[in-house]
There are 2 protein chains.
Amino acid sequence: MSESIKRAMKISQLAKVTNVASKTIRYYEDIGLLPTAYRNDNGYREYSASDVERLVFIRRCRELKIPLEQIKTLIAVQLDQKSSCQEVDTLIEQQLDKVRKTIAELTLLEQTLHTLATSCPNDRVGDCQILKNLQQEKIS
Amino acid sequence: MSESIKRAMKISQLAKVTNVASKTIRYYEDIGLLPTAYRNDNGYREYSASDVERLVFIRRCRELKIPLEQIKTLIAVQLDQKSSCQEVDTLIEQQLDKVRKTIAELTLLEQTLHTLATSCPNDRVGDCQILKNLQQEKIS
DNA sequence: ACTTGACCTTACTGTTACAGGAAGGTTTAT
DNA sequence: ATAAACCTTCCTGTAACAGTAAGGTCAAGT
């Protein structure tokens, strides 16, 4: 009775231990990211330890901004013991590339916005250098 | 006759000179970012030089990732000659802040992904360190 | 006159990863 | 008995468009 091993828990329990909203858990089941949950007599979903593991895995992937579709792939690879983890490598590399590209883009953007933000010493809209700059094709 | 000043142009012309898709132009009109276009006899939209200016302004703002709702605000300020450009300043500053925060987040993400990407020397999924790491609450 | 191709129109669907809310059933505590 | 706190499904909304369908228009060529 004093055991902390939960053999079955309801959705809000799972939500709490994994830090994923109940709403999101149902959504993941809808799109097939989580297996169809077992239902008890009253129709409530019931979860076990393996669901916790799976969901923590998904949450970690989401923290890394890995799209749900790719998480599906990762789970499939994971379940297929005879597959190589080359696919996992590649996927993570691609994700890293994407993040780096986005950082590069945003860094340029930051420059432009900074230039823009410091370009207007005026007070009246008619003279606003920011607005004038935005009217040009490129910011000089 | 040899004047290059277009008094009227159709949507695909406007699209070409501003580098904004026709589809997008119609969408902007739908949501009230562009004024309701004048229609000629056959029901086609007709545009003039001021529409070009407006649309270039919007496109520049979008390049800076300013949300459409905020672009609406900028245009309103712009049209109200008695307003101060303080609001413009603030908006650009906020946008800059947002970009900087995103860069900071993505830089952390990059670190984590890099650590993860280089963590697995194995070939078989069963031993894959990446997958094991993703199963943990935090990556060590 | 007729057809072909390049335009134009509206309207509906799909994208991503959920969040909010309605309407109703169940369980638990007082 | 009743109220709080759960659970369920289903529908809508988000941001900023892109794709597609179904149909009208216009200019050029045969």
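In what follows, chains are A, B, ... by sequence order, proteins preceding strands, each numbered from 1.
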Counting only heavy atoms not in Lys16(A), do more than 12 fall under 6.0 Å of its NZ?
no
When you compare the protein's N or O atoms with those of nucleotides 24-28 of chain D, which come within less than 3.5 Å of each other, and at what distance?
unit_1: dG24(D); atom_1: N2; unit_2: Tyr44(B); atom_2: OH; d: 2.8
unit_1: dT25(D); atom_1: O4'; unit_2: Tyr44(B); atom_2: OH; d: 3.2
unit_1: dC26(D); atom_1: OP1; unit_2: Asn42(B); atom_2: ND2; d: 3.1

Measure the shortest side-chain to side-chain distance between Ile66(B) and Ile92(B) over non-hydrogen atoms and say whether it is less than 4.5 angstrom.
yes
side-chain contact (heavy atoms from CB on, under 4.5 Å) for Ile58(B) and Ile75(B)? Distances and angles first, verdict last.
CA-CA 9 Å; Ile58(B) 294 170; Ile75(B) 291 173; 4.1 Å; yes
Can you list every pair that meets salt bridge (charged side-chain N to carboxylate O under 4.0 Å, His left out) and has a residue in residues 42-58 of chain B, with sequence neighbours left out?
Glu29(B)-Arg45(B)
Under 4.0 Å, heavy atoms only, any strand: does Ile31(B) hit a base, just the sugar-phosphate, or nothing?
nothing
So how far off straight is the helix from dA1(C)-dT30(D) to dT30(C)-dA1(D), going by the axes through five pairs at either end, to 10°?
30°
How would you label the contact of Arg26(B) with the nucleic acid (heavy atoms, under 4.0 Å): base, sugar-phosphate, or nothing?
base
Under the salt bridge (Lys or Arg N to Asp or Glu O under 4.0 Å) test, residues paired with Arg62(A) that sit two or more places apart
none
Once rounded to the nearest 0.5 Å, what's the spacing between atom CD of Glu110(A) and atom OG1 of Thr112(A)?
9.5 Å
Distance below 4.0 Å between Ser12(A) side-chain N/O and dC7(D) OP1 or OP2:
yes
Can you check each nucleotide of nucleotides 17-22 of chain C against protein heavy atoms at under 4.0 Å and return B for base, S for sugar-phosphate only, - for none, in 5' to 3' order?
BBSBB-
A quick test of your reading: do over 12 heavy atoms of other residues, nucleotides or ligands sit less than 6.0 Å from CD of Gln135(B)?
yes
Grab the NZ-P distance between Lys16(B) and dA6(C) for me, whole Å please.
13 Å
Please list all pairs meeting salt bridge (charged side-chain N to carboxylate O under 4.0 Å, His left out) that have one or both residues in residues 83-98 of chain B, counting only residues at least two apart or in different chains.
none
Cys61(B) vs Leu74(B), test: side-chain contact (heavy atoms from CB on, under 4.5 Å). Steps then yes/no.
CA-CA 9 Å; Cys61(B) 290; Leu74(B) 284 178; 4.0 Å; yes
Please state whether the phosphate of dT8(D), meaning OP1 or OP2, lies under 4.0 angstrom from any side-chain nitrogen or oxygen of Arg45(A).
yes
Is there a path of hydrophobic side-chain contacts, each under 4.5 Å between heavy atoms, that joins Leu108(A) and Val99(A)?
no
